[in-house]
Structures are given as C-alpha cells and as structure tokens.
Visitor: 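Sharing a structure with you now.
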Amino acid sequence: MASPMVKAVHIIGAGLAGSEAAWQCVSRGVPVILHEMRPKRMTEAHQGGGFAELVCSNSFRSDDKHGNAVGVLHEEMRLSNSLIMGMGDMTKLPAGGALAVDRDKFSEAVTTILQQHPLVTVEYGEVKGLPPKEWGNTIIATGPLTAPALAQDILQTTGEDSLAFFDAIAPIVYKDSIDFDIAWMQSRYDKKGPGGDGADYINCPLDKEQYEAFIEALINSDQTEFKDFEKDTPYFESCLPIEVMASRGAETLRWGPMKPVGLTNPHNPTVKAHAIVQLRQDNALGTLYNMVGFQTKMKYGAQAEIFKTIPGLQKAVFARLGGIHRNTFINSPKLLNSQLQLKGREDIRFAGQIMGVEGYIESASFGLIAGRLAAAQALGQTMDMPPRTTALGALMEHVTGGFMDGPKSKFQPMNVNFGLFPPMEEEIVYKSPDGKRLRGKDKTRFRKGLLAKRALNDILPWAKA
C-alpha cells in the first residue's frame, strides 16, 4: 500500500493509455485519481462508458515477437507487467497470426480491475481545461477524441497548431447471415496465431468483373459530408477509408485489404480469385465478424447496398455499419520534453494517441511509459527511458524527436516499425545455417529477427525495474 505521504497521480482519460498508466502507478504503490467523462459525456465513436473501449478494429495486430515490430512491442509490454496486454491475452480470439480480442470482455476486464483496486479513485465527468497546478503530477491521456474544451485550452496554452486526421470504423457482420456456399474459413497461408487454428478468417471471393463493379460503386458512393473546418484534415495513411483507397487506382485494394494471395477457395480450387474480402472474428462467441480494412465514410444506406454486392454477403446483416470521426493530436516533438512533460507545465504529461502515435498497442505503450515516469516522480525517484534499441524506446525517440538532427517540419502519427530501430552495431552476415547467402525477403526477415532478438534482450533491465 502507498505511504500517506505519496500524493495521488491524476490521470485524465480511461482509454487504453490512461488505463495502462493507472495500472503502472498503482502497481508501484502510487494512488491514482482517474478522471473519465464517459458515460456522462460521450464521443462520436464510443458506444459505452467502459474503460479501454476499442472503437475501431478488435485486433492488436501481429503477435510475432521474432520478426514483427508490433509483436516485439507486445512482448516488451508483457515483460513490463502491462495490464492491456494481460487482459488482451486473457480475452483473445482466433485471428491467424494476429492478436484479436473480444472487445466487450476486454473492456469489462480492464474496467473491473481498476474500479476495484484500492488505490484507484474514479471521478466521472468532463475535465474542461488543463488541470490546475495544485493537482500536481498529472497525465493527460484523452486520446484522439479529446473533448473540445480541453483541446482548445491545450492549443491556447501551447500556442501550437493542432494537427488532425479522420479515422474510420469498419462494419461488423453477423456470421450466420454469411453464405458459406460461397465464403470459406481460412487464414492467409494457413498461418496459426494465438488461439487460432489456421482457419480464422472468413473469405469472400470476387472475380475480375465483380471487383471492377465494386470499385466503381465505391468511388461513386454517397459519402459523409464534412464541415467546412474539417475538409482539409488529412487521413492517417494506415487507416484510410476504403473508398479513398479505391479512388487512388483500380488495383489499390487488390494490393491492400482485398489481396487474393495465400488463399485457396475450396468451392472452386482451380480458379484463382481476382480479389478477396476477409472478415475477422469480433467476439468470443464467434457470432460477429468485422470486415478487415473496410473503414468507410459512406452513408449507411450506401454501405448496406454496396457491401451486399460482395459474393457471400448478399444477405448480410450488419451489427454495426462503418463510421467516421475526427482525431486530433499535438505536435509532441515541439511541445514535450524527454520525460513526456509539457514544456512550461512540467506537472503535466501526455500519453497515448493524443501525443501522435497510432494504434491500440502503441497508445497503451505510452500509457505504460508515462505511468512509470509519473510513479517515479511521486515516489521522489527517477526513471530511465527504455533503450532506443527496443520497440518502446524507438517509439519514444519518434515522439520526443530526440533522434533527429533538427526539428521536425511535419510531425505525423506513426505505428511501431523496424524503420524506427537503430541498425545493428555489428556487421550482419546474411547467411543461412547451411552457409547459403540470403537475398530478398529472406534477407529482410533475417535482419528483422536480429533486431527483435536485440530488443527483447535490451528491454529486460528496464521492464523489471
């Protein structure tokens, strides 16, 4: 238990980052006052008042810790006693090589643990501006849907223009409304992931004529109109609405979410599909599946009409149609110091998507780091940063801008990737165990494996601190 002399850390926002930050604090005996405006005030995307609600996909993406940067980040967080990863593992669903969760059970688990923790006090209601200085040690983790009053106060205080982009939500379909005389179950390349069996996705095939008609319908669809002040807001490239991708060229979707590789149609195994739509399990019962990569800003009527032209989805019943919401984030390299504190207001730290990272796990990872930093401060201690050679450290460098020779001219959200990792210090010998020289994808895979191994070794002292 905490000493009576340890002052509570205030955390604004109980999303992925805020929940993780709270857990890191109380795990070190530091009390937390967790402020959450939902359900008293809702956002454009959330459905309820639970903590760590997933508003878009239910996937934490690849769980491959040996060759994928996201999988490495997963493992680093597990080693660091992450609440988000712990509950993700507990509520996981079959999803090939990815880690997907039952979104409702995941949120319920995170909410229950924090609400019942003796060091957590939850205060519901909107925080309508930057916290008063008498709060002291504070973390703002309000996410990309920060309430306007708080966002405006941040802008007025910092004097920096906020950057913003639109984030789109994919539709969810009832499994029993899908025609399995056309569709089939298979993971790409039959790959097995956490809790999976190599047949974790529903696949709907399109021939060339069907695909071209689908692309034309997307481009000409009835779409959401934005307000004047929103029209110049850029999308985040990793979460483009499907109709925006379609408008970039007829083949764009075939090289993206509708790529037909690694899949064989058992109903017609001798004919290769021109394109394939995949759906991924969205709840533990296996009754709901979300359309992978089908974020959209089409109006509801257009969505139902166009998506039902996909073979296998002619009679689809949608549990949720797609949507669009506006995300905002701060220019972190200019506004934050190396401790994630707001320059000029060192009592305030930021965590999560509002600071310019993209992705569930990336957001939660900054809750983990900010929570540890705030806890150390509350205890009168110091906390080192995770090594740059790790996924956590590489993301820190991206956000704080410390790895740049000069200031960033255009800061943009970033998913974790091996391009953020410093290269191996020693010269790499690209040879297989039998002495053959590695080339192409084999060479890339080998290099990523070395970076992953180094990261998981280097994170251990920091994770256990």
Visitor: Would you check if there is a donor-acceptor pair between the side chains of Ser82 and Glu20 at a distance under 3.5 Å?
Guide: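 A pair is found: one side chain offers a donor N or O, the other an acceptor, under 3.5 Å apart.
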Visitor: Indicate whether the side chain of Arg188 and that of Gln278 have a donor and an acceptor atom separated by less than 3.5 Å.
Guide: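 Side chains of Arg188 and Gln278: pair found under 3.5 Å.
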Visitor: For Thr287, does its backbone N or O pair with a side-chain atom of Asn283 as donor and acceptor, under 3.5 Å?
Guide: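 Yes; at least one donor-acceptor contact below 3.5 Å.
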Visitor: Does NZ in Lys191 sit with more than 12 non-hydrogen atoms of other residues, nucleotides or ligands closer than 6.0 Å?
Guide: no
Visitor: Tell me, yes or no, whether the heavy-atom count around Lys272 atom NZ, taken from other residues, nucleotides or ligands under 6.0 Å, exceeds 12.
Guide: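 Correct, the count exceeds 12.
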Visitor: CG of Leu114 to OG1 of Thr121: how many Å apart, nearest 0.5 Å?
Guide: 11.5 Å
Visitor: Can you tell me if Gln156 has over 12 outside heavy atoms packed within less than 6.0 Å of its CD?
Guide: yes
Visitor: Check Gln47 against Glu53 and note the closest heavy-atom contact, atom names and distance.
Guide: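 Taking every non-hydrogen atom into account, N-OE2, 2.6 Å.
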Visitor: Just by distance, do the side chain of Asp102 and the backbone of Ala284 share a donor-acceptor pair under 3.5 Å?
Guide: yes
Visitor: Whether the side chain of His46 engages the backbone of Gly48 through a donor-acceptor N/O pair (distance < 3.5 Å, no angle test) should be reported.
Guide: no
Visitor: What pair of heavy atoms forms the shortest contact from Phe418 to Ala69, and how long is it?
Guide: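 So the minimum-distance heavy-atom pair works out to CE1-N, 3.4 Å.
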Visitor: With distance as the sole criterion, is a donor-acceptor pair present between the side chains of Gln314 and Lys308 under 3.5 Å?
Guide: no
Visitor: Please work out which of the three classes, parallel, tilted or perpendicular, describes the rings of Phe307 and Phe214, given edges at 30° and 60°.
Guide: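 Ring orientation, 0 to 90° scale: tilted.
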Visitor: Would you say Thr157's side chain and Ile154's backbone share a donor-acceptor pair under 3.5 angstrom?
Guide: no
Visitor: Test your reading of the model: is there a side-chain donor-acceptor pair from Asp282 to the backbone of Tyr289, 3.5 Å cut-off?
Guide: no
Visitor: Less than 4.5 Å apart, any side-chain heavy atom of Phe329 and any of Gln353?
Guide: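 No. Closest side-chain heavy atoms not under 4.5 Å.
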Visitor: Judged by atom type as modelled, is there a donor-acceptor pair below 3.5 Å linking the side chain of Tyr211 to the main-chain atoms of Met258?
Guide: no
Visitor: Could Asp89 and Lys92 be called an ion pair, given the rule that one side-chain N must be under 4.0 Å from one carboxylate O?
Guide: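 Here Asp89 does not pair with Lys92 in a salt bridge, since their nearest N and O are not under 4.0 Å apart.
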Visitor: Is the shortest side-chain N to carboxylate O distance from Glu251 to Arg254 below 4.0 Å?
Guide: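 Salt bridge present between Glu251 and Arg254.
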Visitor: Using a strict cut-off of less than 4.0 Å between a Lys/Arg side-chain nitrogen and an Asp/Glu carboxylate oxygen, indicate whether Asp176 and Lys315 qualify as a salt bridge.
Guide: no
Visitor: Just verifying a value: how many Å separate Leu313 CG and Ile182 CD1, rounded to the nearest 0.5 Å?
Guide: 9.0 Å
Visitor: Give, for atom OG1 of Thr390 and atom CD of Glu397, the distance between the pair rounded to the nearest 0.5 Å.
Guide: 9.5 Å
Visitor: Whether Glu76 and Lys65 form a salt bridge (side-chain N of Lys/Arg under 4.0 Å from carboxylate O of Asp/Glu) is what I want to check.
Guide: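 No, no charged N to carboxylate O under 4.0 Å.
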Visitor: Out of curiosity, Glu123 CD to Met37 CE, how far, rounded to the nearest 0.5 Å?
Guide: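 It is 16.0 Å, given to the nearest 0.5 Å.
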Visitor: Classify the angle between the aromatic ring planes of Phe60 and Phe106 as parallel (below 30°), tilted (30 to 60°) or perpendicular (above 60°).
Guide: perpendicular
Visitor: Nearest 0.5 Å please: distance from the CG atom of Leu342 over to the CD1 atom of Ile348.
Guide: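 Nearest 0.5 Å value for the CG-CD1 distance: 5.5 Å.
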Visitor: Which is it for Leu54 and Val101 under the side-chain contact (heavy atoms from CB on, under 4.5 Å) test, yes or no, and what are the steps along the way?
Guide: CA-CA 10 Å; Leu54 307 181; Val101 303; 3.5 Å; yes
Visitor: Using distance alone, with no hydrogens and no angle criterion, decide if Ser57 and Arg280 have a side-chain donor and acceptor under 3.5 Å apart.
Guide: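 There is such a pair (donor and acceptor under 3.5 Å, judged by atom type) between the side chains of Ser57 and Arg280.
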Visitor: Hey, mind stepping through Glu362 and Arg61 against salt bridge (charged side-chain N to carboxylate O under 4.0 Å, His left out) and telling me if it holds?
Guide: CA-CA 11 Å; Glu362 289 88 339; Arg61 309 192 329 272; 2.6 Å; yes
Visitor: Check Leu392, Asn68, Asn415 against Leu73 for a side chain to side chain contact (heavy atoms under 4.5 Å, CB included) and give me the one that passes.
Guide: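 Among Leu392, Asn68, Asn415, the one that satisfies the side chain to side chain contact (heavy atoms under 4.5 Å, CB included) with Leu73 is Leu392.
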Visitor: Are any side-chain N or O atoms of Asn265 and backbone N or O atoms of Leu263, one a donor and one an acceptor, separated by less than 3.5 Å?
Guide: no
Visitor: Short question: side chain of Thr146, backbone of Ala151 - any donor-acceptor pair under 3.5 Å?
Guide: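 The answer is no, because no donor-acceptor pair under 3.5 Å joins these two groups.
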Visitor: Say whether, by atom type as modelled, one donor and one acceptor occur between the side chain of Tyr201 and the main chain of Gln281 under 3.5 angstrom.
Guide: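 Judged by distance alone, no pair lies under 3.5 Å.
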Visitor: Cationic tip of Arg28 within the cone over Trp23's six-membered ring, i.e. under 6.0 Å and within 45° of the normal?
Guide: no
Visitor: Working to the nearest 0.5 angstrom, can you tell me the gap between Ile219 CD1 and Glu216 CD?
Guide: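 Rounded to the nearest 0.5 Å, the CD1-CD separation comes to 7.5 Å.
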Visitor: Do Asn58 and Asn290 get their side chains close enough for a donor-acceptor pair, meaning under 3.5 Å?
Guide: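 The criterion, which ignores hydrogens and geometry beyond distance, is satisfied for Asn290 and Asn58.
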Visitor: May I ask you to check whether over 12 heavy atoms, not counting those of Gln115, lie within 6.0 Å of atom CD?
Guide: yes
Visitor: Can Leu395 and Val399 be said to form a side-chain contact (heavy atoms from CB on, under 4.5 Å), step by step?
Guide: CA-CA 6 Å; Leu395 279 172; Val399 167; 5.7 Å; no
Visitor: Ignoring hydrogens and angles, state whether a donor on the side chain of Thr296 or Glu243 is under 3.5 Å from an acceptor on the partner side chain.
Guide: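 Result is yes, a qualifying pair exists.
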Visitor: Assess, by modelled atom type and distance only, whether the side chains of Asp207 and His274 contain a donor and an acceptor separated by less than 3.5 Å.
Guide: no
Visitor: Donor-acceptor pair, distance only, cut-off 3.5 Å: does the side chain of Glu75 make one with the backbone of Leu456?
Guide: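 Absent.
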